[in-house]
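Below, read A as the first sequence line, B as the second, and so on, with proteins coming before strands; counting in each chain starts at 1.
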Protein chains: 2
Amino acid sequence: MTDTHSKRPTLKDLAKAASVSLASASYAINGTGSLGEQTRQHVLRVAEDIGYRQNLNARAMRTGRTRAIGLVLPDLSNPFFPSLAQSVIQTARRWGFSVYVTDTEGSEELERDTLKELVGRNVDGLIWFPIRDVDTAGPLIGNVPTIVLDRSLPGFECIQADYALGGQRAVEHLLAAGHRRIGIVSGPTDIASMRQRCEAAAAQIGRHGELAFQVSNAFSTDLEPAVAAAIDNRAATAVFVGADVIAMGILGHAQTHGLKVPDDLSIVGFDDIPWANFSSPPLTTIEMPLEQMASEAVEALAQRIDGNPRASRRIILDTPLISRRSVARPAAA
Amino acid sequence: MTDTHSKRPTLKDLAKAASVSLASASYAINGTGSLGEQTRQHVLRVAEDIGYRQNLNARAMRTGRTRAIGLVLPDLSNPFFPSLAQSVIQTARRWGFSVYVTDTEGSEELERDTLKELVGRNVDGLIWFPIRDVDTAGPLIGNVPTIVLDRSLPGFECIQADYALGGQRAVEHLLAAGHRRIGIVSGPTDIASMRQRCEAAAAQIGRHGELAFQVSNAFSTDLEPAVAAAIDNRAATAVFVGADVIAMGILGHAQTHGLKVPDDLSIVGFDDIPWANFSSPPLTTIEMPLEQMASEAVEALAQRIDGNPRASRRIILDTPLISRRSVARPAAA
DNA sequence: CTGAAAGCGCTAACAC
DNA sequence: GTGTTAGCGCTTTCAG
């Protein structure tokens with residue numbers, strides 16, 4: 001039994017309890033060095049008995065590696081990010097890393113603080129989904145291996161998806177369904193990946209139809225007045241929405257304002273967040289390959305951490321269309 | 001300018017660069033000790049110049065406090081948890097703590113590993129949402145101050161909500177709308193908080209109506225056959241569902257199977273996850289006061305960490321009904 | 001195969 | 001007001 005009130009036993013305590021040297025204790029715990037089989041067993045047993053736990057910080061301090069990585073995300077309340085976080089956590093676990101998840105609340109200042117903090121805690125690497133395509137980190141990050149997600153930051157290895165292709169596919173789908181007057185609701189336009197998908201969409205609309213409107217909205221289900229107005233005007237029979245969260249807001253708005261989806265208004269979103277599949281109607285959308293992003297990111301990071309600098313590749317993943325029920329032929333064709 | 005390729009400067013480097021002693025450098029950085037104002041300024045300036053960052057691990061090792069807490073959650077893909085995580089992260093930040101978030105993937109083994117890992121990294125405290133009402137941690141946790149969320153674990157300070165009252169309120173609401181034949185779809189029944197809400201609901205139904213069925217489902221939008229069957233049978237005009245995620249699954253199922261909600265089937269859920277407000281119809285549900293849970297938890301933890309043992313209180317928060325559109329009078333009254 | 005000792009980066013007595 | 005120094009718990013040469 002362990003006394004609940006004593007301090008956590010140290011390696012020294014363990015060595016003493018097992019009457020071996022400090023080194024032997026360490027070897028036994030880590031499975032390193034060369035140690036008599038019985039000694040090792042004995043130490044391990046005693047460790048169990050006295051409830052010994054390695055102090056990972058001390059270990060990290062000595063070895064210079066923490067086996068921890070930081071995941072810096074802009075906003076956990078956007079359902080896109082928890083999914084990503086989950087994938088990263090699981091993949092990292094497979095590689096033997098723990099993950100610090102942080103939410104920068106969309107603030108560049110917090111983002112900087114967070115990054116600083118993580119570096120200060122000596123994470124072995126960083127997976128960073130910046131708020132914008134702006135390097136708020138500067139030299140803060142130092143030499144910490146870093147993979148940037150979705151945004152495009154010079155000097156970093158970036159993992160992205162083919163946003164333009166996604167936007168184009170979305171519009172093609174709408175066109176194929178017979179829509180001609182198509183609107184665009186973009187997310188924040190200071191984000192390159194957002195501009196890309198919307199520009200590609202606009203181009204495609206320009207080619208074969210008519211751009212009814214192009215407005216933008218924050219990453220939120222709450223619609224800004226201009227957006228609500230654009231929808232209410234019924235200038236378009238269909239909209240391409242740059243992010244599913246916003247699309248869900250539009251879906252809700254349309255329905256509470258007497259517009260039937262998809263009959264009066266077809267919608268295609270972008271991201272394929274989990275509940276896109278459970279709205280009514282379920283949302284047709286462009287999939288962001290999250291699991292792949294996560295595993296590519298962790299893998300790339302692991303490579304670098306293990307000293308494989310691996311030329312700063314830029315990885316671009318595919319963005320398939322997921323066809324569900326929010327698109328139909330326009331009523332008045 | 002900092003050489004991108006050199007190691008991170010240490011306090012020693014800083015001291016040397018500023019030509020002061022190690023202690024003075026430390027004092028300047030931490031604002032402790034007594035130091036000439038100019039010395040301090042000078043050191044700080046030099047620190048900036050050479051890009052010095054504290055090594056928080058080393059500091060933690062020395063002081064015995066990491067200013068980090070661990071948040072152990074069962075499943076980030078249930079939208080309930082990211083919201084909770086976000087609140088915890090933000091509150092913790094206000095108290096000067098960083099948060100390690102982990103997802104135990106519903107596995108008790110991973111839960112144990114995770115807890116071990118966190119303790120090994122010397123977190124100052126733990127906020128733990130156990131998978132079940134089972135203490136998988138045992139003595140692993142040692143003396144690390146821990147707050148348990150939602151579940152009820154002997155010996156821990158637990159923060160819970162009034163589940164029974166919530167279940168009762170849900171049914172009262174259904175009753176008031178004129179329903180008599182009411183079904184219950186519970187979440188996993190090995191969870192006390194789940195049993196409480198459903199038992200209270202059942203009791204209330206028993207008192208003034210008729211329990212049409214009582215089945216259970218995993219925390220998922222995917223319905224188990226028994227649950228789908230119960231819904232399809234139309235044995236009930238209304239259901240109380242123990243968790244919103246499941247409720248969303250039922251909503252989707254009902255609608256794709258020709259049942260109109262709320263006309264053919266009224267639904268009230270539990271949790272008030274973010275998208276409950278954006279389904280169509282928006283889901284009437286019982287609110288879990290997440291922000292409050294989070295801030296109570298962090299606060300309680302901070303207290304203990306700062307050495308205020310504060311008798312192991314059990315905090316019970318209120319569970320108000322949020323009335324939206326998924327409840328109507330039954331068609332055939 | 002085992003033990004003694006150095007040192008990772010930092011803080012906090014304690015001396016000056 | 002500033003500098004010296006002893007460790008925090010651990011890993012890892014290097015001798016025996």
Whole angstrom is fine here: how far is it from [atom1] in [X] over to [atom2] in [N]?
{"X": "A:N122", "N": "C:dC10", "atom1": "CG", "atom2": "P", "value": "9 Å"}
{"X": "B:R59", "N": "D:dG9", "atom1": "CZ", "atom2": "P", "value": "17 Å"}
{"X": "B:N57", "N": "D:dG9", "atom1": "CG", "atom2": "C1'", "value": "12 Å"}
{"X": "B:K12", "N": "C:dC8", "atom1": "NZ", "atom2": "C1'", "value": "10 Å"}
{"X": "B:L35", "N": "D:dG3", "atom1": "CG", "atom2": "P", "value": "9 Å"}
{"X": "B:R65", "N": "C:dT11", "atom1": "CZ", "atom2": "P", "value": "15 Å"}
{"X": "B:L56", "N": "C:dG9", "atom1": "CG", "atom2": "P", "value": "14 Å"}
{"X": "A:L22", "N": "D:dG9", "atom1": "CG", "atom2": "C1'", "value": "9 Å"}

Flag the pair B:L140 / A:R53 as yes when at least one side-chain heavy-atom distance between them is below 4.5 Å, and no otherwise.
yes

Hey, are the side chains of B:R151 and B:W128 touching, using non-hydrogen atoms and a 4.5 Å cut-off?
no

Nearest of [options] to any side-chain atom of [X]?
{"X": "A:N55", "options": "D:dC10, C:dC8, D:dT2", "value": "D:dC10"}
{"X": "A:S34", "options": "C:dC1, D:dC10, D:dT2", "value": "C:dC1"}
{"X": "B:V20", "options": "D:dG3, C:dG9, C:dA4", "value": "D:dG3"}
{"X": "A:K7", "options": "C:dA4, D:dC10, D:dG9", "value": "D:dG9"}
{"X": "B:M61", "options": "D:dG9, C:dT11, D:dT2", "value": "D:dG9"}

Evaluate the side chain to side chain contact (heavy atoms under 4.5 Å, CB included) criterion for residues B:V134 and B:I131: first the C-alpha distance (whole Å), next the side-chain angles of each, then the deciding distance (0.1 Å), finally the verdict.
CA-CA 8 Å; B:V134 173; B:I131 296 180; over 6 Å; no

Phosphate-side-chain proximity, [X] and [N], N/O vs OP1/OP2 below 4.0 Å:
{"X": "B:T39", "N": "D:dT2", "value": "yes"}
{"X": "B:N30", "N": "C:dT11", "value": "yes"}
{"X": "B:Y27", "N": "C:dA13", "value": "no"}
{"X": "A:T10", "N": "D:dG9", "value": "no"}
{"X": "A:T63", "N": "C:dC8", "value": "no"}

Describe the nucleic acid contact of B:L11 in one word from base, sugar-phosphate, nothing, applying a heavy-atom distance below 4.0 Å.
base

Between B:S21 and A:Q54, just flag the one whose closest nucleotide in DNA chain D comes earlier from the 5' side.
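It is B:S21 whose nearest nucleotide is closer to the 5' end.
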
Using the ring pair (Phe, Tyr, Trp, His ring centres under 6.0 Å) criterion, which residues pair with B:F81? Sequence neighbours excluded.
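Ring pair (Phe, Tyr, Trp, His ring centres under 6.0 Å) list for B:F81, sorted by chain: B:F129.
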
5' priority, DNA chain C, between A:S24 and B:R53 [closest heavy atom]
A:S24

Would you sort out whether B:R121 and B:E117 count as a salt bridge (Lys or Arg N to Asp or Glu O under 4.0 Å), showing the intermediate values?
CA-CA 6 Å; B:R121 291 198 191 273; B:E117 161 99 26; 2.8 Å; yes

Do other residues, nucleotides or ligands put more than 12 heavy atoms under 6.0 Å from B:E291 CD?
no

